[in-house]
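Residue indices begin at 1 and follow the sequence shown.
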Amino acid sequence: MSRQEKHVMWSIGLTDEDAAFIAGCAGKGWGLTAFTVEASPSGLEFERDSPYLAWVAQSAWARTGEIVRQHFPHLGLLPHILILDADEDRSDLAAGPSPYILSRPLRRTQVLESLSKAVETRALHTDLLCMTRELLIDRDLLENKSATLSFLTAFLTDVAETSEPEKILNALHKNIAQLLPVTAVHGALWRDSAPELFLAVQANSAAEEAWRSLFADAARKLAPADCALLIETARVNRLDQSSEAAAALPEKQRVYLIPLSRGGKSDGVIAILAKNKPSLGKDQAAALRAATQHAALAMRRALSARAESAWCDSDFSAAAL
């Protein structure tokens, strides 16, 4: 397989041993381009390689964040995997873009999972890019297409700036107003872990029970048999959207349900409560589907990063004792 046919990944500041291990796990379909802390990648190299992800040593983390902020903000869209020693200080992690954290010693399953997620992200970004190009072709529908493009751009920007799953759905709620007037955006994720709900309603309210019931009904149609039962007691992550959203019930004619999937399997559903019966054009509906799939993937990653961070904190606490 030639270099042009390979998926490219970067390493920044990694040891030769870590780089060799990652390349060996990835196999022949991937190429690894190594950079030192002093010679970090440039924008031209980003265009040349079109990398799927970057493996970053902690010694290079602050420098990578500085480059992204000052010179190449588009690099912030590139997934970053931070490789951390168990005894390394984590206080400077905020200096760089939101990472996924792996602790040494690296494991083959961790590397392969990171590569799989990077491929999923590239596929979503490619779909969004193709859609953006299509939006610019048809000048007769420029006004509607411009609103759709603005929605995608603003939403992707907001998602890139946060690593909190709740803020990702809040960003969708805020930006979707460019497509249609909405009251609330709620979500449920149920694959690979216990189901989790993301609701913008008051706790222990009639609205919460109604939305929980709606997601349970959706799970009966889309998910494994026991998922609907688990949703009835699933943890609720609270969203901050509006006082109207906090009390709004799921009126059938106003709810726009978007199923989520990965690899052909059900992953969850996002529910949009429109102020009126939703009416979307073809481009708007396609943009909304792409944005919600991107939101779900970003939320999954944020939840994984949150769990990994909690695990690292507990591990460090145990070590301190």
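To the nearest 0.5 Å, atom CG of residue Asp267 and atom CG of residue Leu297 are 8.5 Å apart. Atom NE2 of His80 sits about 13.5 Å away from atom OG of Ser114, to the nearest 0.5 Å. One distance of note links CG of Leu169 with CD of Glu164; it measures 12.5 Å at 0.5 Å rounding. Between atom CG of residue Leu199 and atom CG of residue Leu214 there is a gap of 10.0 Å, rounded to the nearest 0.5 Å. One distance of note links CD1 of Ile83 with CG of Leu102; it measures 6.5 Å at 0.5 Å rounding. Between the CG atom of Leu222 and the NZ atom of Lys265 there is a distance of 15.0 Å, given to the nearest 0.5 Å.
Relative orientation of the His186 and Trp211 rings is tilted, given thresholds of 30° and 60° on the angle between their planes.
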- Give the C-alpha distance, both sets of side-chain angles, the deciding distance and a yes or no for side-chain contact (heavy atoms from CB on, under 4.5 Å) between Leu172 and Val159. CA-CA 9 Å; Leu172 183 61; Val159 170; over 6 Å; no

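Between Tyr52 and Thr121, every side-chain heavy-atom pair lies at or beyond the 4.5 Å cut-off. Side-chain contact between Trp30 and Lys6 is absent, with no heavy-atom pair separated by less than 4.5 Å. A 4.5 Å side-chain heavy-atom check between Gln178 and Phe155 finds every atom pair outside the cut-off. Taking 4.5 Å as the limit, every side-chain heavy atom of Trp10 sits out of range of all side-chain heavy atoms of Trp55. Put simply, the side chain of Ile168 does not reach to within 4.5 Å of the side chain of Asn170, judged on heavy atoms. A 4.5 Å side-chain heavy-atom check between Leu115 and Leu53 finds at least one atom pair inside the cut-off. Side-chain contact check for Ile81 versus Met9: every heavy-atom pair is 4.5 Å or farther apart. Within the 4.5 Å cutoff, the side chain of Gln293 has heavy atoms near those of the Ser261 side chain.
Leu230 and Met299 sit in two unconnected hydrophobic clusters of ILVMFWY residues. Membership requires side-chain heavy atoms under 4.5 Å apart, directly or through other members. At a threshold of 4.5 Å between side-chain heavy atoms, the hydrophobic network of Ile, Leu, Val, Met, Phe, Trp and Tyr places Val236 and Trp190 in one connected group.
Within 6.0 Å of NZ in Lys117 there are more than 12 heavy atoms belonging to other residues, nucleotides or ligands. Taking a 6.0 Å sphere around CG of Asp240, one finds it holds 12 or fewer heavy atoms contributed by other residues, nucleotides or ligands. Within 6.0 Å of NZ in Lys277 there are 12 or fewer heavy atoms belonging to other residues, nucleotides or ligands.
Counting all heavy atoms, side chain and backbone alike, Pro250 lies closest to Leu273 at CA-CD1, 4.5 Å. Between Val269 and Leu260, the shortest heavy-atom distance links the atoms N-CD1, 3.8 Å. What you find for Leu249 and Ala210 is that their closest heavy atoms are CD2-CB, 4.0 Å. Contact detail for Val201 and Ala245: the closest heavy-atom pair is CG1-O, 3.6 Å. When all heavy atoms of Phe151 and Ala287 are compared, the closest pair comes out as CE2-O, 4.0 Å. The shortest heavy-atom contact between Leu189 and Ala296 is CD2-CB, 4.3 Å.
At least one donor-acceptor pair under 3.5 Å links the side chain of Thr157 to the backbone N or O of Thr153. Looking only at distances, a side-chain donor or acceptor of Gln241 sits under 3.5 Å from a matching main-chain atom of Val185. Counting only distance, with no hydrogens or angles, the side chain of Arg254 and the backbone of Ala274 share a donor-acceptor pair below 3.5 Å. At least one donor-acceptor pair closer than 3.5 Å links the side chain of Asn237 to the backbone N or O of Leu197.
Partners of Tyr256 by side chain to side chain donor-acceptor pair (under 3.5 Å), not counting sequence neighbours: none found. With sequence neighbours excluded, the residues satisfying salt bridge (Lys or Arg N to Asp or Glu O under 4.0 Å) with Glu208 are Arg212, Arg238.
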Enumerate, atom names and distances included, each donor-acceptor pair closer than 3.5 Å involving a side-chain atom of residues 16-25, sequence neighbours excluded.
residue: Asp18; atom: OD2; partner: Thr15; partner atom: OG1; Å: 3.4
residue: Asp18; atom: OD2; partner: Arg104; partner atom: NE; Å: 2.7
residue: Asp18; atom: OD2; partner: Arg104; partner atom: NH2; Å: 2.9

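Salt bridge present: Glu244 and Lys275 bring a charged side-chain N and a carboxylate O closer than 4.0 Å.
Side-chain atoms of Asp158 and Asn175 form a donor-acceptor pair, as typed in the model, at a separation below 3.5 Å.
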